[in-house]
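Just below is one structure, and these are the notes that go with it.
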There are 2 protein chains.
Amino acid sequence: MNGNHAQALKEAGMKATPKRLAILEMLEGETAYASPEELWKRMRDRFDRLGLPTVYRNLEELAESGVLSKVIHPNRQLYYYFCSNREHHHHFVCLSCRKVQDIPSCGIEALEREVSKTVGGKVLSHILQLNGLCSGCMENGGMP
Amino acid sequence: MNGNHAQALKEAGMKATPKRLAILEMLEGETAYASPEELWKRMRDRFDRLGLPTVYRNLEELAESGVLSKVIHPNRQLYYYFCSNREHHHHFVCLSCRKVQDIPSCGIEALEREVSKTVGGKVLSHILQLNGLCSGCMENGGMP
DNA sequence: ATTCTAAAACGAAATGATTTTCATTTAGGG
DNA sequence: CCCTAAATGAAAATCATTTCGTTTTAGAAT
């Protein structure tokens with residue numbers, strides 16, 4: 001499990017530092033997403049010296065390399081979670097308790113109904129946004 | 001058109017102030033989303049006294065009441081755009097030129113292919129996130 | 001048209017999450 | 001066991017967004 005994380009870090013081209021491993025261990029044991037500051041507070045028990053920027057940096061880098069996932073939250077703060085599902089899928093995130101649950105299928109309208117049944121929760125809203133480059137920008141090599 | 005906006009504001013239960021109307025006029029004439037600060041700078045030509053907080057407040061209130069839409073941007077800054085389409089639909093937003101385009105259908109995988117064809121752009125990523133309350137929180141009246 | 005009042009707008013200052021800087025320490029290949 | 005690039009900490013900066021207390025205004029009532 002620990003070696004598992006070290007392996008994942010190596011594959012991501014990142015050094016397996018104790019703090020990175022600790023972050024992954026904490027998040028792997030959670031069903032909920034966490035904020036950088038929360039993780040920092042919890043990690044201070046295990047490290048006498050630990051800077052908040054280090055937590056921010058590592059979380060961002062881990063998300064960048066796909067080891068962690070980032071939550072898009074209405075309050076626009078950063079949250080991260082660990083998801084071992086390597087298949088293409090989506091998540092149902094609870095704005096209240098922060099639990100993250102996998103969603104297998106992928107059709108919005110049907111999706112909301114299905115979520116209500118499978119996870120027993122209530123979908124209040126959904127965010128579907130496609131990001132990319134429009135045809136005009138494609139022609140300009142990505143410039144507006 | 002102007003009366004149209006005044007009407008929309010009235011329906012939203014908001015006073016039709018010159019600054020709100022100006023915001024709607026500016027955004028209606030745009031195919032791209034705009035940041036509060038950009039709108040503020042452009043509006044200063046027309047108002048000798050205009051606070052940036054006023055722009056922020058109005059944009060948020062207009063989005064809250066559904067007159068405007070808010071963009072969820074990777075850089076986590078706020079952007080808004082005007083969309084007159086009252087039907088349920090989604091948007092393709094260009095991260096480069098900020099153009100916002102309607103997307104009629106609603107199935108992700110097929111969606112990305114379709115977008116490539118209909119808008120001629122390239123989908124680099126998509127955000128699909130369902131927000132709501134999980135079953136546990138439902139039982140606790142929305143508390144974790 | 002004038003008055004009235006709640007809502008809206010104001011500038012200045014505060015906020016606070018996130019980032020940057022840079023000197024120091026560490027992981028891990030050789 | 002060394003060496004070098006990468007990682008880290010502390011402090012300070014950033015900067016979009018929000019708050020505060022006050023003044024102004026839109027629009028209903030007169």
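Side chains are part of it too, since the values below use all heavy atoms of this structure and drop only hydrogens, waters and symmetry mates. Chain naming here is simple, since letters A, B, ... match the order of the sequence lines and numbering starts at 1 in each. Note that the structure is predicted; figures quoted are calculated from it, not measured.
- Residues Ser96(B) and Cys134(A) are not in side-chain contact: their nearest non-hydrogen atoms beyond the backbone lie 4.5 Å or more apart.
- A straight line from CH2 of Trp40(B) to P of dC10(C) spans 11 Å, rounded to a whole angstrom.
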- Task: Report the C-alpha distance between Phe92(B) and Glu112(B) in whole Å, list the side-chain angles of each, state the deciding distance to 0.1 Å, and finish with yes or no for side-chain contact (heavy atoms from CB on, under 4.5 Å).
- Result: CA-CA 10 Å; Phe92(B) 175 71; Glu112(B) 296 200 349; over 6 Å; no
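- Legend: residues meeting salt bridge (Lys or Arg N to Asp or Glu O under 4.0 Å) with Arg42(A), ordered by chain and number and at least two apart, are Glu30(A).
- The span of DNA chain D lying next to chain B, judged by atoms under 4.0 Å from heavy atoms, is bounded 5' to 3' by dA16(D) to dG27(D).
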Expected rows: protein N/O vs nucleotides 13-23 of chain C N/O, under 3.5 Å:
from, atom 1, to, atom 2, distance (Å)
dT18(C), OP1, Leu78(A), N, 2.7
dT18(C), OP2, Tyr56(A), OH, 2.5
dT18(C), O5', Tyr56(A), OH, 3.4

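- Listed by chain and residue number, Cys83(B), Glu87(B), His89(B), Asp102(B) satisfy the side chain to side chain contact (heavy atoms under 4.5 Å, CB included) test with Asn85(B) (two or more places apart in sequence, or in another chain).
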Identify each atom pair where a protein N or O and an N or O of nucleotides 27-30 of chain C are less than 3.5 Å apart, giving names and distance.
from, atom 1, to, atom 2, distance (Å)
dA27(C), N3, Lys15(A), NZ, 3.3
dG28(C), OP1, Ala16(A), N, 2.7

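- For the helix from dA1(C)-dT30(D) to dG30(C)-dC1(D), the terminal axes (five pairs an end, C1' atoms, rotation from four pairs onto the next four) enclose an angle of 40°, given to 10 degrees.
- Judged as a salt bridge (Lys or Arg N to Asp or Glu O under 4.0 Å), and not counting sequence neighbours, the contacts of Arg98(B) are Glu38(B).
- Closest heavy-atom contact between Leu52(A) and Pro36(A): CD1-O, 4.1 Å.
- Applying the side chain to side chain contact (heavy atoms under 4.5 Å, CB included) rule to Thr17(A) yields the partners Lys15(A), Lys19(A), Arg20(A); only residues at least two apart in sequence or on another chain are considered.
- No donor-acceptor pair under 3.5 Å is formed between the side chain of His91(B) and the backbone N or O of Val93(B).
- Scored by the salt bridge (Lys or Arg N to Asp or Glu O under 4.0 Å) test, Glu11(B) finds no partners at all (sequence neighbours excluded).
- Taking the six-membered ring for Trp and the full ring otherwise, Tyr81(A) and Tyr33(A) have centroids separated by 6.0 Å or more.
- Residues that satisfy the side chain to side chain donor-acceptor pair (under 3.5 Å) test with Lys10(B), not counting sequence neighbours, are absent from this structure.
- Residues that satisfy the salt bridge (Lys or Arg N to Asp or Glu O under 4.0 Å) test with Glu64(B), not counting sequence neighbours, are absent from this structure.
- Distance CG (Leu62(B)) to C1' (dA8(C)): 13 Å, rounded to an integer number of Å.
- Qualifying side chain to side chain donor-acceptor pair (under 3.5 Å) partners for Arg44(B), counting only residues two or more places apart in sequence or in other chains: none.
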